[in-house]
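Below you'll find the structure, written out as structure tokens, and then a few comments.
Within every chain, numbering begins at 1; the chains are lettered A, B, ... in the order of the sequence lines, protein sequences first and strands thereafter. Small disclaimer: the values here were computed from a predicted structure and weren't measured. As a basis for the values below, the full set of heavy atoms in this structure was taken, side chains included, without hydrogen atoms, waters or symmetry mates.
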2 protein chains.
Amino acid sequence: MTLTQLRYLVAIADTGLNITLAAERVHATQPGLSKQLKQLEDELGFQLFLRRGRSLAAITTPGVEVIARARQVLLEAGNIRALAANLRGEVQGELAIATTHTQARYVLPPAIAPLGRQYPDVSIHIVPTGEGDALAELGHGADLALVSSSGRPPPSGIAVPLYAWRRVVLVPAGHPLASLQRSPTLAELAREPIVSYESSLRPESSLRTAFTEAGLEPRIAFTARDADLIKTYVRAGMGIGILAEMAISPTLDTDLVQLPADEHFATCMAWGVLPRERVPRNYTLSLLSLLAPQLDVRDLRRAFEGTFDGQWPTAPNWSERETLIASPAAHGKATSSRRR
Amino acid sequence: MTLTQLRYLVAIADTGLNITLAAERVHATQPGLSKQLKQLEDELGFQLFLRRGRSLAAITTPGVEVIARARQVLLEAGNIRALAANLRGEVQGELAIATTHTQARYVLPPAIAPLGRQYPDVSIHIVPTGEGDALAELGHGADLALVSSSGRPPPSGIAVPLYAWRRVVLVPAGHPLASLQRSPTLAELAREPIVSYESSLRPESSLRTAFTEAGLEPRIAFTARDADLIKTYVRAGMGIGILAEMAISPTLDTDLVQLPADEHFATCMAWGVLPRERVPRNYTLSLLSLLAPQLDVRDLRRAFEGTFDGQWPTAPNWSERETLIASPAAHGKATSSRRR
DNA sequence: TACAGTTACGGACCGCGTAAGCATA
DNA sequence: TATGCTTACGCGGTCCGTAACTGTA
């Protein structure tokens with residue numbers, strides 16, 4: 001049994017039992033994988049796959065067990081390599097970020113730009129997910145999930161608070177609500193067709209519960225994951241938009257009127273979540289620190305190692321965050337807490 | 001990075017940084033290990049060990065981390081091999097049992113004899129421990145721990161109830177207590193010097209608490225881990241023995257008088273405990289089934305896999321156990337429970 | 001007739017063991 | 001001087017890629 005054999009094995013499993021395709025993925029030839037698989041099966045003494053004719057048809061029962069353990073082996077071997085790459089100050093690698101459209105489109109870009117300068121050879125992959133699915137991606141290879149919640153921190157992984165954000169109501173310039181000199185009431189909002197995120201369809205969504213707790217039933221006219229789509233449909237007059245404040249561009253969205261809605265909807269917290277079982281690369285932690293300048297990379301490292309015994313510095317509101325980014329060093333030092 | 005390199009690495013760490021000794025342990029030559037270690041360090045890009053002159057002086061900080069993860073890799077690789085060996089019906093292997101002297105001397109032998117017939121090439125290692133230390137051995141390579149407790153099941157690993165046992169009072173034939181027609185009272189026992197297990201010195205031991213709860217202070221004159229030593233000192237008149245009923249041989253201890261003490265001391269439960277992170281070989285489960293005939297090997301396998309959703313059959317008392325062993329098949333089938 | 005996997009072969013590499021060299025106690 | 005690690009060298013195995021072969025849709 002070798003690490004190569006195990007790597008080939010899970011590659012075959014991950015490509016749906018297609019050895020040729022798996023060979024491409026691991027940058028090797030198909031006969032090489034075939035042979036190594038055969039040798040592994042010979043050593044173990046049983047078939048890992050059921051063959052129909054020459055092709056692989058299914059994974060055998062013991063094969064499932066072996067593959068699961070092989071993944072563990074490769075995970076830890078990868079951790080050793082990540083550990084070493086961090087220590088060497090390696091500036092190349094992969095970074096898969098699982099998050100929603102709004103984060104990817106409006107929050108990440110200004111952080112990723114400087115990250116690319118510090119780590120020029122890191123290839124970054126955005127894994128788009130619905131609000132509820134980003135955490136699940138951590139179990140499927142993502143290095144970092146960015147999620148939001150209005151209550152408790154995410155249950156799995158290592159969660160770090162990044163910033164707090166609020167929802168805003170967005171209406172076209174000529175809309176009756178736009179001329180109000182105050183923020184609209186929930187009842188006024190409930191009378192309008194609403195254009196918002198896909199996740200607001202879920203009965204437990206904080207948008208829905210805000211209405212139902214007030215005895216109102218919102219009419220959700222249109223949903224999308226994509227904040228730009230939501231704005232497009234608001235412009236088209238489909239209804240009023242309710243979305244995250246981060247999604248409002250001060251330069252591009254001047255034709256729309258935004259109304260505050262803090263009093264109606266709970267404040268949300270954006271969290272960065274690291275998979276507990278995988279050693280994070282330095283650039284992953286750097287990205288978190290770029291997203292939330294109050295965070296210190298060394299504290300993040302300690303949090304992963306389980307030796308961080310302080311409290312995270314208070315996460316700023318999204319709107320305050322800019323001032324932090326202007327002077328990250330001063331603020332970063334001041335709030336980096338390590339209590340012994 | 002190869003599995004061999006990682007194996008060599010932990011071997012060196014486990015021999016106290018002696019490469020020559022490590023080479024013997026892994027059945028290879030010293031230059032081979034030296035070279036592989038060097039290659040691994042080259043690949044990772046940093047030293048795993050600090051050198052003083054030519055010899056290894058200490059493990060570096062990152063080295064500690066790498067070695068810990070290397071152990072995980074080797075553990076899972078070993079699990080794959082164990083899985084395969086089980087499936088092949090392999091009859092050879094190792095079995096390290098961590099337990100107390102009493103279990104090793106009086107309980108295990110009649111179970112190990114038939115095990116050796118079924119698995120002739122398994123080499124069995126008894127790791128002698130104090131009552132409290134057997135569980136810790138599971139983290140250091142032991143395959144099975146046999147422990148006793150008077151209360152809750154052991155907290156770590158997968159615990160299976162084997163049998164319930166009681167303490168007996170043992171006195172020389174001429175002793176005043178021997179002529180009583182009833183079991184002695186706690187007060188009568190407290191007047192005598194007591195010869196018992198080392199573990200009874202601990203303030204939280206169930207022997208001690210039985211006395212102190214009755215407002216009595218026992219005088220413990222002699223302790224040992226070894227039940228035979230305890231009996232020897234009872235014979236020598238050092239005091240009255242209080243020990244596990246399993247330690248009384250019906251043929252060899254006829255010169256001693258045993259008095260029941262059930263009413264004073266809590267009944268204990270003997271547990272078999274498997275390490276959760278290591279796949280048990282079939283013979284390990286067979287041994288448990290031989291020790292406790294009410295257990296079914298398939299239920300034990302399911303318990304390890306986390307798919308056993310029933311209750312363990314009631315563990316018999318030690319004294320009743322013999323009748324079970326006489327007809328294990330019938331009883332085993334009857335109580336093997338699998339509820340869906 | 002494509003497509004996917006197995007078998008065959010030759011080259012390169014690598015890991016191992018033997019043997020010699022070299023520090024340290 | 002003994003111990004223990006490193007370096008040098010030659011052998012054998014093995015892993016890999018190319019190429020030809022074979023069974024299946």
Please list, by residue number, the residues of residues 11-26 of chain A whose heavy atoms come closer than 4.0 Å to an atom of DNA chain D; answer none if no residue qualifies.
none
Grab the two heavy atoms, one from A/L48 and one from A/L44, that are nearest each other, plus how far apart they are.
CD2-CD1, 4.2 Å
Rounding to an integer number of Å, can you tell me how far A/H27 NE2 sits from D/dC16 P?
14 Å
Pair B/D14 + B/R71: basic N to acidic O under 4.0 Å
yes
Salt-bridge contact B/R301-A/E65 (side-chain N to carboxylate O under 4.0 Å):
no
Nearest heavy-atom neighbours spanning B/N79 and B/V279:
OD1-N, 2.7 Å
List in numerical order all residues of residues 36-55 of chain A for which some heavy atom is under 4.0 Å away from an atom belonging to DNA chain D.
A/Q36, A/Q39, A/G53, A/R54
Atom-to-atom span, OH of B/Y8 to P of D/dT6 - whole angstrom
15 Å
Closest to side chain of A/S34, choosing from C/dC16, C/dT6, D/dC16:
C/dT6
Output for pair (B/I124 CD1, B/E94 CD), nearest 0.5 Å, gives 10.5 Å
Would you call A/R281 and A/D143 a salt bridge, using N to O less than 4.0 angstrom?
no
Hey, does A/T2 reach any base, or is it just sugar-phosphate, or nothing, if we go heavy atoms under 4.0 Å?
nothing
Based on the rotation axes of five pairs at each end, what angle does the helix from C/dT1-D/dA25 to C/dA25-D/dT1 bend through, to 10°?
30°
Between C1' on C/dA23 and CG on B/L56, what's the gap in Å once rounded to a whole number?
14 Å
On a heavy-atom basis, the closest approach of B/F49 and B/T60 is C-CG2, 3.8 Å
Go through it in stages, so that I can follow the logic: the residues are B/Y197 and B/T102, the test is side chain to side chain donor-acceptor pair (under 3.5 Å), and I'd like the CA-CA distance, side-chain angles, deciding distance and then a yes or no.
CA-CA 10 Å; B/Y197 295 110; B/T102 297; 2.9 Å; yes
Note: A/T284 and A/P280 closest approach over all heavy atoms is CB-CB, 4.4 Å
Please report the distance, rounded to the nearest Å, between CD in A/Q30 and C1' in C/dT7.
11 Å
Can any side-chain N or O of B/R278 pair as donor or acceptor with the backbone N or O of B/A142 at less than 3.5 Å?
yes
Quick check on side-chain hydrogen bond (donor to acceptor under 3.5 Å, both in side chains): which of B/H101, B/E131, B/E198 does B/R225 satisfy it with?
B/E198
Go nucleotide by nucleotide along DNA chain D from the 5' end; which of B/P31 and A/P31 gets its closest nucleotide reached first?
B/P31
Can you tell me how far P of D/dA8 sits from NZ of B/K35, to the nearest Å?
10 Å
